[in-house]
Amino acid sequence: MSLPRHTLITKTIDILVADFLQGKIEALRLAMTALLAGGHLLLEDIPGLGKTTLALALSGALGLSFGRVQCTSDLLPSDITGLSIFDREKNAFKFMPGPIFNNLLLVDEINRATPKTQSALLEAMEERRVTIEGTTHNLPDPFLVIATQNPLEQVGTYPLPESQMDRFLITTGVGYPPPAIEKEIIRAGSIREEIRAMHSLLTLDDILTARRFIREEIQLGDRVLDYIHTLIVATRDHEMLLSGISTRGGIAIADAARAAAYLRGRAYVIPEDVREMIIPVGAHRLIPRAEHETLGKREVLQSIVAALPVPLA
């Protein structure tokens, strides 16, 4: 079965990795998975590993409008959503849209924004629209938020509660590139200007067509569905966890597995797609018991996945 726009999209990923995002193939594939599945991406890593570069390159290659918000403790919800100002010539208020009215919004250091501002942003991510002064404004489609937070920051930060972490389809890091690639990156220096000058490789129609196909045509068989359900139930029954993966989390795993199958060139999901996506999609949704808070969520979920048999697709 021919997958619409598949060759174009995989070629775009290959070009980005070869020319702009060396050593970041995993983070790039997960960002593309989030976009195709209609979700959002949270990057948790130390500064200086290319999180902003990844977002810039993705928006440039995909022909998406790009907005950026640098979160601080005095950032207001209206700084993200926009506000109405009085137009003296027309003697009327005029709405000035904020950066959230872009296809790709980079939210740097989201944990530096106050809970009120975080809540406004996360509500818009969920509803795909914002209501300002009684008027509802739809956000563009596609709409992808790539948020970053530094796990080492403590002073002046407001960590996202688990209920709001659930708004992100995927959470991952960028990681250090392999030594040989890192040396070449250091030798070449910043490539921000090259990224800003790059021509788009895809159109909005390409992205929307691929998303529609993934949502409507990628098959999720009964055995794979049973496998997803078995996994999320196992997280709820785990002795170290206070709360496991919710039904919404199960939907997110299925959506991401469909997008992963598409990127692998298949029109059907196999258990390996679920195993590939469950850690980045499921780990941040777990809530450990107080006596196990120091345990890594990814490691706990990995142990659950490893303990369960993999069904034959």
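Below, all heavy atoms of this structure are taken into account, side chains as well, without hydrogens, waters or symmetry copies.
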message = With a 4.5 Å cut-off on side-chain heavy atoms, are Pro140 and Asn102 touching?
response = no
query = So, do Ile100 and Val69 sit near enough that their side-chain heavy atoms are less than 4.5 Å apart?
reply = no
ask   = Shortest non-hydrogen contact from Arg285 to Ala252?
value = NH2-CB, 3.4 Å
task = Answer yes when Asp108 and Lys51 have at least one side-chain N-carboxylate O distance shorter than 4.0 Å, and no when they do not.
result = no
task = Can you establish whether the number of heavy atoms outside Asp237 located under 6.0 Å from its atom CG is more than 12?
result = yes
inquiry  = Checking the side chain of Gln118 only, and the main-chain atoms of Ala113 only, is there a donor and an acceptor separated by less than 3.5 Å?
reply    = yes
note = Heavy-atom nearest pair, Ala57 first then Leu16, reads O-CD2, 3.8 Å
task = In sequence, state the C-alpha distance, the side-chain angles, and the governing distance for Leu58 and Leu144, and then conclude on side-chain contact (heavy atoms from CB on, under 4.5 Å).
result = CA-CA 11 Å; Leu58 198 60; Leu144 170 66; 4.1 Å; yes
key: Contact summary for Gly282 and Leu301, nearest pair of heavy atoms   = C-CD2, 3.7 Å
message = Quick check for you: to the nearest 0.5 Å, what is the distance between Tyr158 atom OH and Ser73 atom OG?
response = 5.5 Å
key: Any Lys24 side-chain heavy atom under 4.5 Å of Val17 side chain   = no
message = Asp205 vs Arg5, test: salt bridge (charged side-chain N to carboxylate O under 4.0 Å, His left out). Steps then yes/no.
response = CA-CA 10 Å; Asp205 181 65; Arg5 310 300 199 274; 2.9 Å; yes
ask   = Any ion pair linking Arg248 and Asp166 (charged N to carboxylate O, less than 4.0 Å)?
value = yes
inquiry  = Nearest 0.5 angstrom please: Asp14 CG to Leu201 CG, how far?
reply    = 11.0 Å
task = Measure the spacing between CD1 of Ile191 and CE of Met198 and express it to the nearest 0.5 Å.
result = 9.0 Å
remark   = Only residue of Arg258, Arg266, Arg264 satisfying side-chain hydrogen bond (donor to acceptor under 3.5 Å, both in side chains) with Asp273 is Arg266
ask   = If only atom types and distance count, is the side chain of Thr235 paired as donor or acceptor with the main-chain N or O of Ile245 below 3.5 Å?
value = yes
inquiry  = Any non-hydrogen side-chain atom of Leu263 less than 4.5 Å from a side-chain atom of Ile13?
reply    = yes
query = Are any of the side-chain nitrogens in Glu272 or Arg275 under 4.0 Å away from the carboxylate oxygens of its partner?
reply = no
message = Within this structure, what is the CG-CD1 distance for the pair Leu231 and Ile278, rounded to the nearest 0.5 Å?
response = 4.0 Å
ask   = Regarding Thr81 and Ser78, is there a side-chain donor-to-acceptor distance under 3.5 Å anywhere?
value = no
query = Counting distance only, does the side-chain N/O of Ser59 pair as donor-acceptor with the main-chain N or O of Phe66 below 3.5 Å?
reply = no
query = Under 4.0 Å between a Lys/Arg side-chain N and an Asp/Glu carboxylate O for Lys94 and Asp87?
reply = no
task = May I have the step-by-step check of side-chain contact (heavy atoms from CB on, under 4.5 Å) for Cys71 and Val107, ending in yes or no?
result = CA-CA 7 Å; Cys71 293; Val107 182; 3.4 Å; yes
query = Is the closest basic N to carboxylate O distance between Glu26 and Arg29 below 4.0 Å?
reply = no
request  = Report the C-alpha distance between Ile80 and Thr117 in whole Å, list the side-chain angles of each, state the deciding distance to 0.1 Å, and finish with yes or no for side-chain contact (heavy atoms from CB on, under 4.5 Å).
outcome  = CA-CA 8 Å; Ile80 299 175; Thr117 302; 3.7 Å; yes
ask   = Using a distance-only test with no angle check, is there a side-chain donor-acceptor pair under 3.5 angstrom linking Thr209 and Asp206?
value = no
key: Short side-chain to backbone donor-acceptor contact, Asn111 and Gln149, under 3.5 Å   = no
ask   = Are Leu106 and Thr148 side-chain neighbours, meaning at least one heavy-atom pair lies under 4.5 Å?
value = yes
query = Cluster question for you: counting only ILVMFWY and a side-chain heavy-atom cut-off of under 4.5 Å, with indirect links fine, are Val174 and Ile195 together?
reply = yes
query = Do Thr136 and Arg129 come close enough that some side-chain heavy atom pair is under 4.5 Å?
reply = yes
ask   = Taking atom CZ of Phe95 as the centre, does the number of heavy atoms from other residues, nucleotides or ligands within less than 6.0 Å exceed 12?
value = yes
key: Sidechain N-carboxylate O distance under 4.0 Å for Glu217, Arg212   = no
ask   = Any idea which heavy atoms bring Ala256 and Thr33 closest together, and the distance?
value = O-CG2, 3.8 Å
task = Keeping to residues at least two apart or across chains, list the ring pair (Phe, Tyr, Trp, His ring centres under 6.0 Å) pairs with something in residues 2-46.
result = His6-Tyr262, His40-Phe143
note = Heavy-atom closest pair (Gly249 atom, Val281 atom, distance to 0.1 Å) is O-CG1, 4.5 Å
ask   = Between Ile185 and Pro177, is any pair of side-chain heavy atoms under 4.5 Å apart?
value = yes
inquiry  = With rounding to the nearest 0.5 angstrom, report the CG to CZ distance, Leu56 to Arg196.
reply    = 6.0 Å
Cluster link Met32 to Met125, ILVMFWY, side chain under 4.5 Å = no
ask   = Is there a donor in the side chain of Glu109 and an acceptor in the side chain of Gln70, or the other way round, less than 3.5 Å apart?
value = yes
message = Could you check whether any side-chain N or O of Thr171 sits under 3.5 Å from a backbone N or O of Pro280, counting only pairs where one atom can act as donor and the other as acceptor?
response = no
ask   = Shared ILVMFWY cluster between Leu28 and Leu42, side chains joined below 4.5 angstrom?
value = no
inquiry  = Could you go through Asp141 and Arg211, starting from their C-alpha distance and side-chain angles, then the distance that decides it, and tell me whether this counts as salt bridge (charged side-chain N to carboxylate O under 4.0 Å, His left out)?
reply    = CA-CA 11 Å; Asp141 186 26; Arg211 284 178 52 176; 3.3 Å; yes
request  = Might you confirm whether atom CZ of Phe213 has over 12 heavy atoms from other residues, nucleotides or ligands at distances under 6.0 Å?
outcome  = yes
query = Under 4.5 Å between any side-chain heavy atoms of Met277 and Ile170, yes or no?
reply = yes
ask   = Quick check, are the ring centers of His284 and Phe168 under 6.0 angstrom apart?
value = no
inquiry  = Tell me whether Arg289 contacts the main-chain N or O of Glu239 through its side chain, where contact means a donor paired with an acceptor under 3.5 Å.
reply    = yes
query = Are Leu76 and Val145 joined in one hydrophobic group, where the rule is that I, L, V, M, F, W and Y side chains link up if heavy atoms are under 4.5 Å apart?
reply = no
inquiry  = Please evaluate residues Tyr268 and Ile218 with respect to the criterion side-chain contact (heavy atoms from CB on, under 4.5 Å), reporting the C-alpha separation (whole Å), side-chain torsions for both, the decisive distance (0.1 Å), and the verdict.
reply    = CA-CA 5 Å; Tyr268 54 92; Ile218 297 288; 5.7 Å; no
message = If hydrophobic clusters are built by linking Ile, Leu, Val, Met, Phe, Trp and Tyr wherever their side-chain heavy atoms come under 4.5 Å apart, do Val130 and Met96 end up in the same one?
response = no
message = So, taking the atom named CD1 in Ile270 and the one named CD in Gln219, what distance separates them when rounded to the nearest 0.5 Å?
response = 14.5 Å
ask   = Ignoring hydrogens and geometry, is there a side-chain-to-backbone donor-acceptor pair from Gln22 to Ala18 under 3.5 Å?
value = yes
note = When every non-hydrogen atom of Pro288 is compared with those of His292, the smallest separation belongs to CB-O, 3.7 Å
ask   = Taking everything shown except Glu123 itself, do over 12 heavy atoms lie less than 6.0 Å from its CD?
value = no
